[in-house]
4 protein chains.
Amino acid sequence: MARGINKVILVGNLGNDPDVKYTQGGMAVTRISLATTSVRKDRDGNTQERTEWHRVVFFGKLGEIAGEYLRKGSQVYVEGSIRYDKYTGQDGVEKYSTDIIADEMQMLGGRGGGEGGGGGSYERSPRPQRQESAPRPQSAPSRQPAPADDFSDDDIPF
Amino acid sequence: MARGINKVILVGNLGNDPDVKYTQGGMAVTRISLATTSVRKDRDGNTQERTEWHRVVFFGKLGEIAGEYLRKGSQVYVEGSIRYDKYTGQDGVEKYSTDIIADEMQMLGGRGGGEGGGGGSYERSPRPQRQESAPRPQSAPSRQPAPADDFSDDDIPF
Amino acid sequence: MARGINKVILVGNLGNDPDVKYTQGGMAVTRISLATTSVRKDRDGNTQERTEWHRVVFFGKLGEIAGEYLRKGSQVYVEGSIRYDKYTGQDGVEKYSTDIIADEMQMLGGRGGGEGGGGGSYERSPRPQRQESAPRPQSAPSRQPAPADDFSDDDIPF
Amino acid sequence: MARGINKVILVGNLGNDPDVKYTQGGMAVTRISLATTSVRKDRDGNTQERTEWHRVVFFGKLGEIAGEYLRKGSQVYVEGSIRYDKYTGQDGVEKYSTDIIADEMQMLGGRGGGEGGGGGSYERSPRPQRQESAPRPQSAPSRQPAPADDFSDDDIPF
DNA sequence: TTTT
DNA sequence: TTTT
């Protein structure tokens, strides 16, 4: 449960190769710098461009895939959320940073700038539940008021 | 892995109470009819309205929550994807239907029209992996090139 | 002013070249068929694919650009809204259709599948304000290959 | 034309009443602070909350509407883009800020927290085309409480 | 600083 | 009907 929606959708190109690090626990933390450019005409009719550089972070399996397949120049679709952080720099001054925490990624263009090329979409892996054994979901009612006749006993369909 | 993005974001009101059914396996399949209205001025300056009625489907845990908390008139945020189906009606004629398969929902407005009221956001539960035992993720490299110094050993953070 | 949000975001590939028609008033109405594919593992661990074919419609200037630059196989980002229509077929039977009305488009991949290639983003032009004499858009070709028979001479519809 | 997609979708509650200022040219520049809260379970099964405070900016007509109808506590849907700015503070130190530039807004919940209540959606007005004499917008109040000192007399910025 |  |  949460309260509110915080969703970001980006399509842009990487300004550099991804930066991949690992936590002590072995989780990948991959960062990219992603450019999106918008264009408008100013009041004198001149075309003006402005580029935003987004700091995008991928965790876990998604971070490994990003680190492996993305390269400087790659075009990529990213979906995630905004996170604002405040920290104290080495100079003792309070600083602020903004990151996009990715939870879905799709390489675009067939060969985005890297050699591996190829498009493909990946989702952030669900956090593994920490539990002794996987109990049967308690949410399923013991008695069904009415069958959903157009779905078999499979799990959630497409 | 997938190829393409198919994403729908809706904010609207329910035209009726949810319709909850269950598969033989006990999975909830809840359907709602969601109205979104757009307004424009026609060439004569008159205001014209048009309402789309979306058929939204919630599966599993999300379907149970939708069935429990949503009511006719409730305002809700839904995120999901479009699914087109083709089937043969009882009259032998081919028919087409379009559904929005929800994977996130948030009740809006503090008391959307039902008594339970209250807002809150819910995500579609991840499909449980079917496996003998949960093996340690092979994706974690045996050796880490560099520690991600700003994340502890926790799982994926906020 | 409106009531509700009806938003669709697609990234996919064209199954065919665009179909461009013009209203009697000279407005372009361009249709494409856009594929998005999702993949999941079924309960037996087998990979299953499912492709949705979206009918996307571009009006006006955006329709002209889509018709000019998109080609079969092109990868494209589309943003728009869902519209459901009900009509009576030639056989007297009521039918339903679902279209995505585009209001933003971006060609992806650096060379979308056509020769013109190159990416770029375009927005639906605002509806021209009613004015003394509506000059014929200069971008409309002097000869229309085919009338868009299902749209009157109005400006961009809902 | 542009290159890239930079899209943000937020649903949240205002932490304070809107701050409305006007440029010397009479354009409203309204700022709100919008909270979105996410919840997760940490590895010990405890519920953890994290709230992001988004700085959202509305320009022009949209800014006037936001200033008029939104209030502390109001729930609102906002669509826009992210803009990162870098500036030198009064202390001579370089600082960074992140804003969400809104181009669509919808009040939620039937009575957003203010008296006017009611939901409704508004889009950013298209930039007026350069014209002989730019008439002063009639919607701008005859007296501006405070100048929006960080925007010149230009129209809606990036 | 909001909200539940 | 696309794409990988």
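Note on naming: letters A, B, ... go to the chains in the order of the sequence lines (proteins, then strands), and numbering restarts at 1 for each one. Just so we're clear, the structure is a prediction, and the values are computed from it rather than from any experiment.
In this structure D:T51 satisfies the side chain to side chain contact (heavy atoms under 4.5 Å, CB included) test together with D:A35, D:T37, D:W53, sequence neighbours excluded. Remark: B:E94 pairs with B:K86, B:T88, B:Y96 by the side chain to side chain contact (heavy atoms under 4.5 Å, CB included) rule, at least two apart or across chains.
Of the listed nucleotides (F:dT3, F:dT1, E:dT2), E:dT2 has the atom at the smallest distance from the side chain of D:N13. In this structure, the nucleotide among E:dT2, E:dT1, F:dT1 sitting nearest to the side chain of C:S33 is F:dT1. Of the candidate nucleotides E:dT3, F:dT4, E:dT1, E:dT3 has the atom lying nearest to any side-chain atom of A:R3. Side chain of D:T51, nearest nucleotide from F:dT1, E:dT2, E:dT1: E:dT2. Counting only heavy atoms from C-beta on, D:W53 has its side chain closest to E:dT2 among F:dT1, E:dT2, E:dT4.
E:dT2 atom P lies 16 Å from atom CG of D:L70, rounded to whole Å. One can place CZ of C:R55 at 17 Å from C1' of F:dT2, the figure rounded to the nearest angstrom. To the nearest angstrom, P of F:dT3 lies 13 Å from CD of C:E49. Rounded to an integer number of Å, the gap from CD1 of D:I32 to C1' of E:dT2 is 11 Å. What separates CZ of C:R31 from P of F:dT2 is a distance of 21 Å, to the nearest Å. If you take CD of D:Q48 and P of E:dT4, they are 23 Å apart, rounded to a whole angstrom. Taking atom CZ on C:R50 and atom C1' on F:dT4, their separation rounds to 19 Å, with Å as the unit. In this structure, C:L34 atom CG and F:dT1 atom P are separated by 16 Å, rounded to whole Å.
At a threshold of 4.0 Å, the pair C:D99-C:R31 counts as salt-bridged, since one of the basic side-chain nitrogens sits closer than that to a carboxylate oxygen. Between C:R50 and B:D85 there is a salt bridge, with a side-chain nitrogen of the basic residue lying less than 4.0 Å from a carboxylate oxygen of the acidic one.
Contact of D:N16 with E:dT1 (side chain to base): a donor-acceptor pair of N or O atoms is detected under 3.5 Å.
When only modelled atom types and interatomic distance are considered, C:D42 and C:Q48 share a side-chain donor-acceptor pair under 3.5 Å.
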